[in-house]
Colleague: 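Would you mind keeping the following structure in view while I ask a few things?
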6 protein chains.
Amino acid sequence: MRQDQREANQLRPITITKNFVKHPEGSVLIEVGETKVICNASIEDRVPPFMRGQGKGWITAEYAMLPRATQERNIRESSKGKVSGRTMEIQRLIGRALRSVVDLNKIGERTVWVDCDVIQADGGTRTASITGAFVAVVMAFGELIKQKKISKMPVTDYLAATSVGMLSDGKEILDLNYAEDSNAAVDMNVIMTGSGEFVEIQGTGEEATFSFNQLQAMLHLANDGMNEIFTIQKETIADLANRIGETDEDGDK
Amino acid sequence: MRQDQREANQLRPITITKNFVKHPEGSVLIEVGETKVICNASIEDRVPPFMRGQGKGWITAEYAMLPRATQERNIRESSKGKVSGRTMEIQRLIGRALRSVVDLNKIGERTVWVDCDVIQADGGTRTASITGAFVAVVMAFGELIKQKKISKMPVTDYLAATSVGMLSDGKEILDLNYAEDSNAAVDMNVIMTGSGEFVEIQGTGEEATFSFNQLQAMLHLANDGMNEIFTIQKETIADLANRIGETDEDGDK
Amino acid sequence: MRQDQREANQLRPITITKNFVKHPEGSVLIEVGETKVICNASIEDRVPPFMRGQGKGWITAEYAMLPRATQERNIRESSKGKVSGRTMEIQRLIGRALRSVVDLNKIGERTVWVDCDVIQADGGTRTASITGAFVAVVMAFGELIKQKKISKMPVTDYLAATSVGMLSDGKEILDLNYAEDSNAAVDMNVIMTGSGEFVEIQGTGEEATFSFNQLQAMLHLANDGMNEIFTIQKETIADLANRIGETDEDGDK
Amino acid sequence: MRQDQREANQLRPITITKNFVKHPEGSVLIEVGETKVICNASIEDRVPPFMRGQGKGWITAEYAMLPRATQERNIRESSKGKVSGRTMEIQRLIGRALRSVVDLNKIGERTVWVDCDVIQADGGTRTASITGAFVAVVMAFGELIKQKKISKMPVTDYLAATSVGMLSDGKEILDLNYAEDSNAAVDMNVIMTGSGEFVEIQGTGEEATFSFNQLQAMLHLANDGMNEIFTIQKETIADLANRIGETDEDGDK
Amino acid sequence: MRQDQREANQLRPITITKNFVKHPEGSVLIEVGETKVICNASIEDRVPPFMRGQGKGWITAEYAMLPRATQERNIRESSKGKVSGRTMEIQRLIGRALRSVVDLNKIGERTVWVDCDVIQADGGTRTASITGAFVAVVMAFGELIKQKKISKMPVTDYLAATSVGMLSDGKEILDLNYAEDSNAAVDMNVIMTGSGEFVEIQGTGEEATFSFNQLQAMLHLANDGMNEIFTIQKETIADLANRIGETDEDGDK
Amino acid sequence: MRQDQREANQLRPITITKNFVKHPEGSVLIEVGETKVICNASIEDRVPPFMRGQGKGWITAEYAMLPRATQERNIRESSKGKVSGRTMEIQRLIGRALRSVVDLNKIGERTVWVDCDVIQADGGTRTASITGAFVAVVMAFGELIKQKKISKMPVTDYLAATSVGMLSDGKEILDLNYAEDSNAAVDMNVIMTGSGEFVEIQGTGEEATFSFNQLQAMLHLANDGMNEIFTIQKETIADLANRIGETDEDGDK
């Protein structure tokens, strides 16, 4: 049993609140245990200079934490005047993951800006961000459809992320909270699609290593957890759920 | 009658939710109409280098908006690599206002970091920040008292802020929302203490000017609104309300 | 009596030297007591990108101090690589004030760059900057008229600024020098037009507050001082003085 | 057969030249096909502030490319004034990997600075950097032993990295060059120890996904290639090869 | 004859006004023709970290131009957030030159900050800065002697600078103004001591070259002009003139 | 005799290796004694904005050192976020020198980017950079000729650089290595053309001065060394050597 009474293969409770903020085209508050992230998706009617004239769109993500999202207050990155390497890694990861399930050729020359702002952190902020951002992006495209700017949902599949890890005693666990993450020998973030394919795997053992068998065990834990998350996503976007993947039905892309 | 059906001297509804985020010593979500600001007060057990060894504390504030707090998405200041002049003005204002009602000699060599993060903006974000931050700071000091690090509440009086303005037709109004603010001929922010003194007045007419009489009318509107705000603050911190000003009772400072 | 033998309502001596530097379209050295500021107004024949194509102009201001304008040498802002919050506040204030008395629709798509460089500081540098910059701007427009680029003086009224304050004993005084400013309980900058309207009021009590009556007393002091300043400005720009406000006579704007 | 006539499971030729630059404690030029990286390891006799007084050391890495290491010239990061997200990701990865095979408790309060400077790039610069940096670090520790500053080699195991990927036709290949990397559907970097454990796995499918079986196939390819690389490393540091792991023989750590 | 009626070997009129600004320990306004530079020397009672504990002092210089010192307004370096290469070159040159005639062992652990701020530019701003800064530095040391912080003038010799150049017709001229400088084929800055030694020579032909004989001719012009400048410096600091070089009389250093 | 057994007028051995890196249009590794610099010349088919539409080209240079090119590791300029004054001086010098022997009117609207990256430093890195960069630039133009983008070699003359100096005992020497440079009383960099004209002279005596006669002696040493360097350059670019200066034969420019 884990410190918070969870089984090794048990996720923390997940809540996704839609329309948390009123201005964005898509907005959710995702809570994964005590981790809380506001995920906003904004549509801009143009693409970055290097993509102009190609008739396709772009998705990019930014990630930040409120200074006191954590136990100790962090210096604000705007005050430091630069974004940390950790932040850059995370926002590149979020953007890349979202782009893997969106058909950018179907959204016109538009940019989707995804902002993931962590207001309370307890481990797994990057995976919660991806899971929440997926919902916000679907909502934003739903808004574009409602405005008749696009006709079909350009999202090809569900997308979610979670972490798995290995404790120093060699035990594999699912969905690490901050206390577990701090003590884990191995930490692995897994991003998958609704059809069970991997989008990204990042497994790291800073002061430890892991064997082929331990890797398999962690991947299976991730796969099991993922299915529960997809269920929650589907319920949240019930009105749009049956449109996911509809652009593929034409056999296009 | 105003666009949102308010009278000229009518505030928007104000809600203050305590403990919105779990880590900070003091934390509130303040909502003033559609404007929503997370105000967190964090205690650090040291002061900036220029104040060390003087036996007194410091209060400083930082202010930011989520990129999509507004109708149009703004570029994140951490991405731009610098804080805008507007942000600097606002965070200096918040810090100065809070210091005017805290006896810094009574808090030891500690820094109170106040973070005001606007998650949704509809005018009056800086005044909402001050009104909310005041509550967060009182809560943080309440926490210090509970931890027996200080013995008395070092807050000498209530503190709140609101805006008043003059429309282009010369009519004075209280608590401008974004639409009103954009069209106002004169915009004035007023910060006052619970005993009716001014802490700061900033009245600006970018493409207009105002007469002595118009100034008086605006100040009276502000004064009336302020009393309602103090009532809400008192209810929010009911458990600590009677401790405000207790350090003055000794005749000290 | 004040330390420098002035009455409470007495300004320091003011001198405005025209054409202090030869290249700018308008240039003055303003001396207010021991405070000395070079105010240069430069005309650029285009506007910032966000204003292009609107057929109107823009006025913007920059403010800086020589490192040793003050008793202690300050680090140069170019060396620090960023402009301080104080500098930003001041230059935004100067620009806003000047725009309130210029009809931007009458100057074509031009930018007026106002540079206020403090070479010696003894309190009141921002108010001296505004008073001096007004003269430099009028001179620059005079130059545009001479070059037949515009036909009428687009300045609608005189503009000047001064400070008032309240000492810790509660006494209100006009035009604070550095020693007074450092010890004042309340510091207020007032910007007014030649016709007696307020453009901006910024009253601050960092570690003090002020009552409604004290505010009135300070405003009256400011108003009295302002008239003397307008007289000096008029003498300085004697050749252009009767053209101030001429665009209003058409009933336009 | 691949464009450069390699088999799917065939590495490019690897050459490691020791003492390429004379000043560093450890220095190699590693060539992996047409990719060439100078890896220098420098010993500094102190640790970063956050680690002082703990009696242990630190390893950190920096990575850069010469502007014309690539087909098109890149803007120098020192000219841009900031390090890109890609660079940050890579240098964090290199440092983390090296720390996983060094017993930091055995090197005293010293920092090992590892500089990986790519002088010619043809894909796989980050994995070549890790493979080469490992050798440079062993050399630097050899130098410390020679200077009698430490008595045992603090490196616990061999460390190398390579890439594997999946082409758009679903075929898995080992050690991608630039042309292959640009067209790959999935790109995966694998870092392993001499004893066959994983240190880090980063698999990414930006516009594609991969199945569990494809993942297994890629991992097996990586594992096979790794053994050849370890052989080359051992030959390069023949004089120190038998000392790798000697601190573990005591049963310590 | 030159455009401003000067002979080839004729300097522009030079004026040095002492105590132009009141706060610095040494302050002059130097005018060389239409070029005007405020040179302030400030004494700080400590040295940079890398020099502490050596019992000697340091001299460093900063150089800047007011934005409208030139015909076209320049962007302020504090707004750009970085100092240009040209500015860095000039301030390094000024500091190096001054250090060559000051015995840093005789000034205690103090830093002399020299600020050269060009308020009007017409060619030769860097050489005017050096000539003026020398006087400001002597004044600042005079102030240290008056305060009995040091007992002898630590300046070992006079120091001045001027420019020479070669026009496109091959004619050599002394002390180029802006118009001449813009059209010169070769531009050379020469810094010399009162005893006729060179401190620095920087001769540049961007789109031209110069022969050995032309170089000799330019050096002779510089040498002749220098003597006139030393005479003006001596008159300006008449009260301290006989103390220059007094530390050498002991045979020390 | 000098520490490395050289005569006062003896250069260190010079080696220039062509095509050191494969991507650039021109690339050499130059070794001057223990100083090693990679010089790459890249052609970009456009010019900076301020030069567009003039039908001529531009040459610009960047210079950097690997962090451990020196005895002590230096902080990487990209990590510091800014380029040092020393670096700026050097890269401006390299660019200026190269432009003096290239007829920019003959290269079309192209920019030549010259990157000089020091991989090992032992004094004289800037002069080695210029000597090597000249060869890389000739190679790059040779490539343009081969691609039939230009028809004639636009290089008007040979260009090389070396250093001379004066030891503290007054002895003049040629081509200082690091140890000599650190102890020299005077350091002078000389850049000359193949026809014996000066392009740039920079002579500096930070804590010393030099007489007219000493200057002459140093210039003669430089002149003698230069001829040996031109011979090496000619051998290196034997295939293009007879084309240097061919654009002048038309009498054009």
Colleague: Quick one: of D:Arg73, D:Gln120, D:Lys36, D:Glu77, who has the most non-hydrogen atom pairs under 4.5 Å with chain F?
Modeller: D:Arg73
Colleague: Hey, are F:Glu200 and F:Arg96 close enough for a salt bridge, meaning a charged N less than 4.0 Å from a carboxylate O?
Modeller: yes
Colleague: Is it the side chain or the backbone of F:Asp117 that comes within 4.5 Å of chain D heavy atoms, both, or neither?
Modeller: side chain
Colleague: Sequence neighbours left out, what passes side-chain hydrogen bond (donor to acceptor under 3.5 Å, both in side chains) with D:Arg110? Give chain and number order.
Modeller: D:Asp45
Colleague: Under 3.5 Å, side chain of D:Lys106 to main-chain N/O of D:Lys152, donor-acceptor pair present?
Modeller: no
Colleague: When you check the gap from the basic side-chain N to the acidic O, do D:Glu180 and D:Arg2 get nearer than 4.0 Å?
Modeller: yes
Colleague: What distance separates F:Ser78 OG from D:Glu62 CD, expressed to the nearest 0.5 Å?
Modeller: 6.5 Å
Colleague: For chain F, find its close neighbours in residues 129-138 of chain D: heavy-atom separation under 4.5 Å, sorted by number, or none.
Modeller: none
Colleague: Quick check on the interface: out of F:Val83, F:Asn40, F:Val21, F:Asp115, who has the most heavy-atom pairs with chain D under 4.5 Å?
Modeller: F:Asp115
Colleague: Is any NZ, NE, NH1 or NH2 atom of the basic residue among F:Arg12 and F:Glu31 found under 4.0 Å from an Asp or Glu carboxylate oxygen of the other?
Modeller: no
Colleague: Can you tell me how far apart CE (F:Met65) and CZ (F:Arg86) are? Round to the nearest 0.5 Å.
Modeller: 4.0 Å
Colleague: Test your reading of the model: is there a side-chain donor-acceptor pair from F:Thr35 to the backbone of F:Thr125, 3.5 Å cut-off?
Modeller: no
Colleague: If you measure from CG on D:Asn183 to CG on D:Leu167, what distance do you get to the nearest 0.5 Å?
Modeller: 8.5 Å
Colleague: How many angstroms lie between atom CE of F:Met153 and atom CG of F:Leu240, to the nearest 0.5 angstrom?
Modeller: 4.5 Å
Colleague: What part of F:Ala64 is in contact with chain D, defined as an atom under 4.5 angstrom from a non-hydrogen atom: side chain, backbone, both or neither?
Modeller: both
Colleague: Relative to chain D, which segment of F:Ile38 carries a heavy atom at a distance below 4.5 Å: side chain, backbone, both, or neither?
Modeller: side chain
Colleague: What part of F:Glu25 gets within 4.5 angstrom of chain D, counting heavy atoms only: side chain, backbone, both, or neither?
Modeller: both
Colleague: Using atom types as modelled and distance alone, determine if a side-chain donor or acceptor of D:Gln5 lies under 3.5 Å from a backbone N or O of D:Gln3.
Modeller: yes
Colleague: Against chain F, work out which of D:Lys22, D:Glu44, D:Lys82 has the most heavy-atom pairs shorter than 4.5 Å and name it.
Modeller: D:Lys22
Colleague: Between F:Thr87 and chain D, with a heavy-atom cut-off of 4.5 Å, which part of the residue counts as in contact: side chain, backbone, both or neither?
Modeller: neither
Colleague: Relative to chain D, which segment of F:Glu34 carries a heavy atom at a distance below 4.5 Å: side chain, backbone, both, or neither?
Modeller: side chain
Colleague: Can you say whether F:Arg68 sits under 4.5 Å from chain D via the side chain, the backbone, both, or neither, judging by heavy atoms?
Modeller: both
